[in-house]
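I have placed the structure first, in the form of structure tokens, so that the comments after it can refer back to it.
All ligand and atom numbering here is 1-based and tracks the order in the structure. These numbers come from a predicted model, not from an experiment. Atom set for the values below is all heavy atoms of this structure, side chains included, hydrogens, waters and symmetry mates excluded.
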Amino acid sequence: MSARITLPDDAALAEAAERLRGGELVAFPTETVYGLGANALDADAVAKIYAAKGRPATNPIIVHVASVEQAKALVKTWPAIADELAAQHWPGPLTLVLEKADHIPDIVTAGGPTVGIRIPNHPVALELLRQAGVPIAAPSANRSEEVSPTFAIHVQHSLGEFVDDLLILDGGGCRVGIESTVLDVTCDPPRVLRPGMAKLNLPPSPRAAGEAEANVARSPGQMLRHYAPKAPLLILPIEELVQQIQEGDGLLVRRGSLDGKRPEPGEPGRVKVKISFLRHDWDAEHYAKILYWFIRVLDRSGVSRILVEAPPTGPEWDAIWDRLRRAASPAD
Ligand code: TXA
Ligand code: MG
């Protein structure tokens with residue numbers, strides 16, 4: 001088992017496209033996270049994704065396309081709202097869930113009647129789609145339940161042992177940093193199945209009691225423990241976080257947050273921890289971009305716990321809270 005990281009030059013792109021057409025897997029960058037791609041119309045190729053990730057067969061896979069025309073060819077009905085949203089958000093971090101066309105293999109949609117589709121906003125992904133000439137089914141390029149990869153090296157760390165001779169196109173760090181917003185447009189009003197960084201301007205849908213559970217059933221991939229590091233992760237207000245610090249912890253805090261709140265070097269009570277600093281001005285887009293990177297850095301450095309300073313709340317922080325909560329949910 002091995003993986004090869006390569007710059008996406010002409011030869012590498014041609015090889016990647018050829019591999020996809022030949023039913024093989026290819027890892028590639030998107031603006032959200034790296035994807036593990038297969039020809040979406042080839043059931044055997046898509047089966048390799050499930051095997052590589054250890055992904056439950058109940059979790060459907062997003063299909064990536066290069067154009068709205070290509071998206072329309074994959075669905076039974078294309079509602080007016082999809083036109084509007086595609087015009088506003090594509091290429092970009094928004095996945096639309098639509099009624100699937102019959103020729104999409106069941107394995108892509110986990111046997112369900114709908115398919116999630118998006119046009120990624122990354123030149124390498126778009127060029128790969130063009131050259132491959134087929135829609136690309138691609139979940140995040142990590143083992144199931146791991147934090148998604150935002151750098152090529154993360155893909156190698158996650159999947160290197162699980163895919164033989166995996167080709168990984170290196171497009172640098174992902175600009176958005178967390179997975180796309182998943183929006184079901186088969187219902188009216190549309191429903192957010194997974195929050196992301198797409199700025200939606202939808203009529204507010206009432207948050208009914210039990211909606212979280214209903215979402216799980218509608219979007220079976222939304223198991224609570226997803227995006228989880230090996231070390232237990234706790235989200236705490238800064239005052240509480242400071243009280244909790246133990247030797248060997250990893251901290252993810254805002255720059256300046258700890259000033260004057262913990263013992264100085266040499267003072268009694270000072271313990272050794274690893275700290276990753278976030279920007280002091282709480283910029284949600286920046287936070288999304290570096291979140292998985294920091295979680296991976298802390299987790300790989302072998303900290304015993306990851307203590308995260310609670311970020312602000314509000315609509316632009318919904319996706320970040322969603323990922324943090326999932327990372328914090330205890331293992332089964
Ligand atoms: O940003 C992203 O969406 C990345 C990049 C590679 O595009 N992909 C990604 O895929 O995050 P994945 O498989 O890790 O997450 C896809 C999510 C899952 O929660 C899945 O359940 C949901 O989208 N999903 C996919 N198709 C669906 C469908 N037909 N109905 C409901 N949910 C769907
Ligand atoms: Mg994923």
- request: Return the minimal non-hydrogen interatomic distance between T109 and K100, and the atom names on each side.
  value: CG2-CD, 3.5 Å
query: How does T114 reach ligand 1, by side chain, by backbone, by both or by neither, if only non-hydrogen atoms under 4.0 Å count?
result: both
N or O pair under 3.5 Å between K53 and ligand 1: no
- request: Quick one: list whatever passes ring-ring contact (aromatic ring centres under 6.0 Å, His included) with F294, sequence neighbours left out.
  value: none
query: For D170 and P8, which heavy atoms make the closest approach, and how far apart are they?
result: O-CD, 3.0 Å
statement: For V124 and L13, the nearest pair of non-hydrogen atoms, with its separation, is O-CD2, 4.1 Å
message: Under a 4.0 Å threshold between the charged nitrogen and the carboxylate oxygen, would R143 count as salt-bridged to E161?
response: no
- prompt: When you measure from atom 13 (O) of ligand 1 to each heavy atom in M197, E99, H122, R55, which option holds the nearest one?
  reply: R55
- prompt: If every non-hydrogen atom of L159 is compared with every non-hydrogen atom of A52, which pair is closest and at what distance?
  reply: CD2-O, 3.6 Å
message: Side chain, backbone, both or neither: which applies to K100 and ligand 1 if a contact is any heavy-atom pair less than 4.0 Å apart?
response: neither
task: Tell me yes or no: between the side chains of T95 and S180, is some donor less than 3.5 Å from an acceptor?
output: yes
query: Touching ligand 1 at all, T109? Heavy atoms, strictly under 4.0 Å?
result: no
statement: Note: ligand 1 atoms sitting under 4.0 Å from heavy atoms of S140 are 8 (N), 9 (C), 10 (O), 12 (P), 14 (O)
field: T30 N/O under 3.5 Å from ligand 1 N/O
entry: no
- request: Check ring-ring contact (aromatic ring centres under 6.0 Å, His included) between W317 and all other residues, then give those that pass, not counting sequence neighbours.
  value: W282, Y287
query: With a 4.0 Å heavy-atom cut-off (strictly under), which part of V115 contacts ligand 1: side chain, backbone, both or neither?
result: backbone
field: G116, P60, S148: member with heavy atom nearest to atom 24 (N) of ligand 1
entry: P60
message: Polar contacts were defined as any N/O atom of the residue lying under 3.5 Å from an N/O atom of the ligand; does this apply to Y34 and ligand 1?
response: no
message: I'd like to check whether E179 has a polar contact with ligand 1, where a contact means an N/O of the residue lying under 3.5 Å from an N/O of the ligand.
response: no
- prompt: Does S148 put an N, O or S atom under 2.8 Å from the Mg ion (ligand 2)?
  reply: no
